[in-house]
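The next block holds one structure in the form of structure tokens; read it before the comments.
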Amino acid sequence: MIFSAGYGTFITPQSETDGLELLKKLNREHMAAREGDSRLDARIASYEMAAKLQLSAPEVLDIAGETDATRSLYGLDEKLTADMGRRCLIARRLLERGVRFVQIWSGADNGFPRRNWTVTKISPRTTVTWRPVWTNPWPLSFWT
């Protein structure tokens with residue numbers, strides 16, 4: 001089930017299964033009437049992927065099981081680097097599970113000038129991001 005059992009007492013594993021079976025039957029009938037049109041197949045695959053992502057999100061986002069060494073490596077033990085460290089750790093966990101593109105965003109972009117900013121310019125934001133970002137558990141060969 002995509003929703004937790006506490007979401008509604010009328011949702012049971014059997015009712016969920018029955019509903020999915022009915023949906024499959026209706027989709028098959030719809031596809032049979034429209035042979036050669038792959039749009040429904042593509043849409044079903046898209047919805048199934050979305051459901052898998054929803055089901056796996058709680059496990060991916062739960063970093064409580066990470067070791068103290070990993071938490072320290074990403075700076076989760078320091079207030080200044082904890083937010084960015086959490087974002088980088090979750091990004092790593094997403095990549096480990098096959099997500100092909102992950103974007104890490106630092107801060108709320110409260111007027112921080114991104115244009116013409118180079119690594120040589122030291123700012124307070126550098127302190128927040130350097131440790132989590134440079135924590136790279138993969139060898140260079142992973143990226144090539």
Please find the pair of heavy atoms, one from V102 and one from L94, that lie closest to each other, and give the distance. CG2-CB, 4.0 Å
Short question: side chain of T17, backbone of P13 - any donor-acceptor pair under 3.5 Å? yes
Test log, rule side chain to side chain contact (heavy atoms under 4.5 Å, CB included), inputs L22 and D18: CA-CA 6 Å; L22 175 61; D18 293 344; over 6 Å; no
Does a salt bridge link E96 with R92, judged by any charged N lying under 4.0 Å from a carboxylate O? yes
Of all residues at least two apart in sequence or in a different chain, which pass the side-chain hydrogen bond (donor to acceptor under 3.5 Å, both in side chains) check with R97? E59
Check this for me: does any side-chain nitrogen of one of E21 and K25 sit under 4.0 Å from a carboxylate oxygen of the other? no
To the nearest 0.5 Å, tell me how far S38 OG sits from I44 CD1. 11.5 Å
Verify the cluster assignment for V60 and Y74: are they in a single hydrophobic cluster under the rule of side-chain heavy atoms below 4.5 Å apart? yes
ILVMFWY cluster, Y47 and M31 together (side-chain gap under 4.5 Å): no
Distance in Å, M84 CE paired with I104 CD1, rounded so as to fall on 0.5 Å steps: 5.5 Å
What residues form a side-chain contact (heavy atoms from CB on, under 4.5 Å) with I63, not counting sequence neighbours? E66, R71, L76, R86, L89, I90, R93
Looking only at atom types and distance, does a side-chain atom of S56 sit under 3.5 Å from a main-chain N or O of K52, one as donor and one as acceptor? yes
Take L40 and R34, measure what side chain to side chain contact (heavy atoms under 4.5 Å, CB included) needs, and give me the verdict at the end. CA-CA 9 Å; L40 182 60; R34 292 161 181 81; over 6 Å; no
Can you list the residues that meet the side-chain hydrogen bond (donor to acceptor under 3.5 Å, both in side chains) rule with D41, with sequence neighbours excluded? none
